[in-house]
Asker: 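So that we are looking at the same thing, I have put the structure below in structure tokens.
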Amino acid sequence: SLAQSLRGTLKKIANASNIDKDVIKDVVRDIQRALLQADLNVKLVLSITKEVERRALEEKPPAGMSSREHVIRIIYDQLVKILGEPRDVGLKKHVIMMIGLYGQGKTTTTAKMAKYFQKRGLKVGVIAADVHRPAAFDQLKQLGDRINVPVYGFPKAKDSVAVVKKGMEQYADFDIVIIDTSGRHSLEEDLIKEMEDIAKVAKPDERFLVIDAAVGQQAGPQAQAFHDAVKVTGVIITKLDGTAKAGGALSAVAVTNAPVTFIGTGEHIEDLEKLDPPRFISRLLG
Amino acid sequence: KKITQDKLEDIMFDLEMALLESDVAQGVVERIKNYIIKELEGAKVKRSSELEDVIEGALKKAIRQVLDIKSIDLIDSIRASEKPYVVMFVGVNGTGKTTAIGRIAHRLQREGISCVLAAGDTFRAGAIEQLTKHAENLGLKIIKHSAGADPAAVAYDAIEHAKARKKDVVLLDTAGRMQTNINLMDEMKKIRRIARPNLIVFVGDALAGNDAVIQASEFDKAVGVDGAILTKIDADAKGGAALSIAYTIGKPILYVGTGQGYEDLEPFDANWMIERLFE
Ligand SMILES: Nc1nc2c(ncn2[C@@H]2O[C@H](COP(=O)(O)OP(=O)(O)OP(=O)(O)O)[C@@H](O)[C@H]2O)c(=O)[nH]1
Ligand SMILES: Nc1nc2c(ncn2[C@@H]2O[C@H](COP(=O)(O)OP(=O)(O)OP(=O)(O)O)[C@@H](O)[C@H]2O)c(=O)[nH]1
Ligand SMILES: [Mg+2]
Ligand SMILES: [Mg+2]
């Protein structure tokens with residue numbers, strides 16, 4: 001954990017009668033290692049440590065705080081700033097589009113969110129726009145039936161945009177429409193185009209990037225590609241019930257500048273929560 | 001002239017960052033660094049430009065050492081074993097287990113090996129239907145019970161069917177599960193007890209960062225992993241997770257998943273991995 005790895009090198013600061021560049025260099029490197037171990041993107045790690053280096057040299061630790069605690073505080077502040085405030089999704093009429101890499105939890109989270117809005121008295125409709133994955137429609141239909149939310153789509157569908165067009169007409173007078181799309185990644189030009197076409201037809205108010213807490217260095221670059229294509233308005237971090245530090249997900253927030261709207265903490269419909277920034281950052285720093 | 005300690009530290013640090021950026025886990029990076037430092041102590045370097053080459057050479061050797069685990073040829077192993085040969089697929093949620101089964105089945109079919117699919121994920125919505133689609137696409141028999149049934153019972157049924165119909169291989173799908181969920185890890189142990197698989201394959205996501213190590217190690221501790229499949233390499237993932245997983249469980253990476261199709265499964269090749277890490 002960051003706290004553990006800093007223990008050794010920050011002793012050097014305490015023992016050094018004046019802060020010299022070499023000691024700071026050691027500390028910074030240890031911080032870089034720890035943040036990378038938490039899966040933060042390399043570029044983000046470098047920008048964080050630049051800031052830490054600057055403040056550690058310019059500031060004196062506040063009274064009663066050791067230089068080690070001071071450095072951890074500086075890092076903590078940086079991470080909180082990057083994560084930003086979680087955003088509440090308003091209980092008003094709107095269209096939400098779910099996007100992301102393969103297997104992140106888009107379909108499961110679509111059902112969780114549908115239940116979330118329905119419980120709050122809104123009329124929810126789901127569009128099964130994944131026409132690629134075997135039995136994708138079955139998966140979403142079963143989830144929808146379980147929570148009594150209609151799912152528009154059909155098993156043999158081949159044209160995702162056509163399904164979305166028809167679905168939007170079907171749910172014209174609904175409060176919330178959630179569009180579940182297929183997994184895709186930045187190198188699949190045809191699928192990136194499909195995502196852009198769906199967005200053009202549906203004109204969603206929200207485009208939520210769903211990202212698995214375990215994703216590593218690809219989180220940042222992939223999030224950037226999704227953002228360049230359809231402008232991400234919110235991030236959902238899933239599988240936080242595991243052990244992953246979710247530094248990758250934090251990197252995705254950093255490049256999209258989109259707040260975290262929900263987090264997934266399990267496989268069941270009710271396992272949808274709001275992000276708690278201090279808890280998230282403490283978990284990341286170990 | 002002697003390379004200064006500082007210069008060496010700088011080079012080693014850059015190397016460390018490059019490996020971490022490729023999703024190679026911390027523990028593996030440490031081991032690689034120590035190996036290289038040992039190699040350098042023996043080497044005579046005339047100028048610092050040579051140092052870079054010596055380090056690159058040592059790095060390739062180190063990675064090769066990590067990956068140099070006795071590989072398993074699945075086809076040979078099946079042919080040499082008493083039938084039915086049972087392969088159990090395990091891993092955390094969404095890594096590509098079900099898809100991998102379809103691809104392995106396709107490979108085996110091409111070799112004239114008969115397969116039965118076992119729908120051991122009785123929990124997730126659409127899981128049985130998903131594997132059934134693969135069975136239909138490949139013209140294979142699938143053994144399934146209703147949703148919510150006992151996965152161990154499905155496994156047992158599939159094996160009995162394979163015995164009765166003289167089928168060579170049973171490919172057993174299981175539900176994704178977090179290694180932090182004790183009940184699900186116990187369920188997996190029970191499935192293993194009943195199915196007594198010849199091979200337990202851990203399916204890991206190449207997109208995963210350092211958590212790949214924890215996942216692989218916990219699954220290995222729980223049921224003993226014989227080999228791994230690393231999926232989604234095509235999503236531009238460097239695949240450093242391959243080193244992390246192989247190093248952690250001391251077992252080979254059998255295949256890598258490179259896309260959506262039945263053909264998109266390649267036998268793992270250490271040279272290919274090293275080239276990839278170095279691009
Ligand atoms: N433990 C846990 N599992 C989750 C969570 N969210 C989703 N899952 C599981 O992750 C797996 C993948 O979820 P899906 O909803 O199918 O993912 P997806 O993004 O729709 O996948 P594709 O459509 O194939 O790209 C399933 O086994 C889900 O049950 C979570 O928060 N915690
Ligand atoms: N690009 C790419 N996608 C893959 C690969 N392997 C699997 N996928 C996709 O990843 C998603 C999840 O695959 P599944 O086979 O359902 O994963 P799983 O491990 O069985 O998931 P759970 O049973 O829910 O835990 C699907 O959309 C697959 O098409 C791969 O090698 N490359
Ligand atoms: Mg899906
Ligand atoms: Mg599956």
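Residue numbers start from 1 in every chain, and the chains themselves are labelled A, B, ... in the order their sequence lines are given, proteins ahead of strands.
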Asker: Any non-hydrogen side-chain atom of B/T98 less than 4.5 Å from a side-chain atom of B/F89?
Answerer: no
Asker: Would you mind telling me which of A/Q218, A/Q104, A/H132, A/K141 has the largest number of heavy-atom pairs within less than 4.5 Å of chain B?
Answerer: A/Q218
Asker: Please state whether the side chain, the backbone, both or neither of A/V42 comes within less than 4.5 Å of a heavy atom of chain B.
Answerer: side chain
Asker: If we count only N and O atoms by modelled type, under 3.5 Å, do the side chains of B/T180 and A/D241 hold a donor and an acceptor together?
Answerer: no
Asker: Answer with side chain, backbone, both or neither: which region of A/R33 has an atom nearer than 4.5 Å to a non-hydrogen atom of chain B?
Answerer: both
Asker: Is the shortest heavy-atom distance from the side chain of A/T108 to the side chain of A/K112 under 4.5 Å?
Answerer: yes
Asker: Identify which part of A/S186 has an atom lying under 4.5 Å from any heavy atom of chain B, answering side chain, backbone, both or neither.
Answerer: neither
Asker: Identify which part of B/N137 has an atom lying under 4.5 Å from any heavy atom of chain A, answering side chain, backbone, both or neither.
Answerer: neither
Asker: Does B/R31 make a cation-pi contact with B/Y247, if we ask for NZ or CZ under 6.0 Å from the ring centre and within 45° of the axis?
Answerer: no
Asker: If you count heavy atoms of other groups shown closer than 6.0 angstrom to NZ of A/K43, is the number above 12?
Answerer: no
Asker: Could you tell me if the side chain of A/T110 sits less than 4.5 Å from the side chain of A/L140, heavy atoms only?
Answerer: yes
Asker: Give the member of B/M17, B/K133, B/Q260 that has the highest number of heavy-atom pairs under 4.5 Å with chain A.
Answerer: B/Q260
Asker: Check the side chains of B/E263 and B/H106 for a donor-acceptor pair under 3.5 angstrom, ignoring hydrogens and angles.
Answerer: yes
Asker: Please state whether the side chain, the backbone, both or neither of B/Q215 comes within less than 4.5 Å of a heavy atom of chain A.
Answerer: side chain
Asker: With a 4.5 angstrom heavy-atom cut-off, is it the side chain or the backbone of B/Q179 that approaches chain A, or both, or neither?
Answerer: side chain
Asker: Have a look at B/Y262 and tell me which of B/Q109, B/R107, B/R110, B/H134 forms a side-chain hydrogen bond (donor to acceptor under 3.5 Å, both in side chains) with it.
Answerer: B/H134
Asker: Taking every non-hydrogen pair under 4.5 Å, which of B/A206, B/G126, B/A241 racks up the most with chain A?
Answerer: B/G126
Asker: Could you have a look at B/V92, B/N181, B/D211, B/T99 and say which one has the most heavy-atom pairs with chain A under 4.5 angstrom?
Answerer: B/D211
Asker: Name the option with the most non-hydrogen atom pairs under 4.5 Å to chain B; the candidates are A/L36, A/D138, A/T238, A/D39.
Answerer: A/D39
Asker: Select one option (side chain, backbone, both, neither) describing which atoms of A/L101 are under 4.5 Å from chain B's heavy atoms.
Answerer: side chain
Asker: Where does B/I214 contact chain A at under 4.5 Å (heavy atoms): side chain, backbone, both or neither?
Answerer: side chain
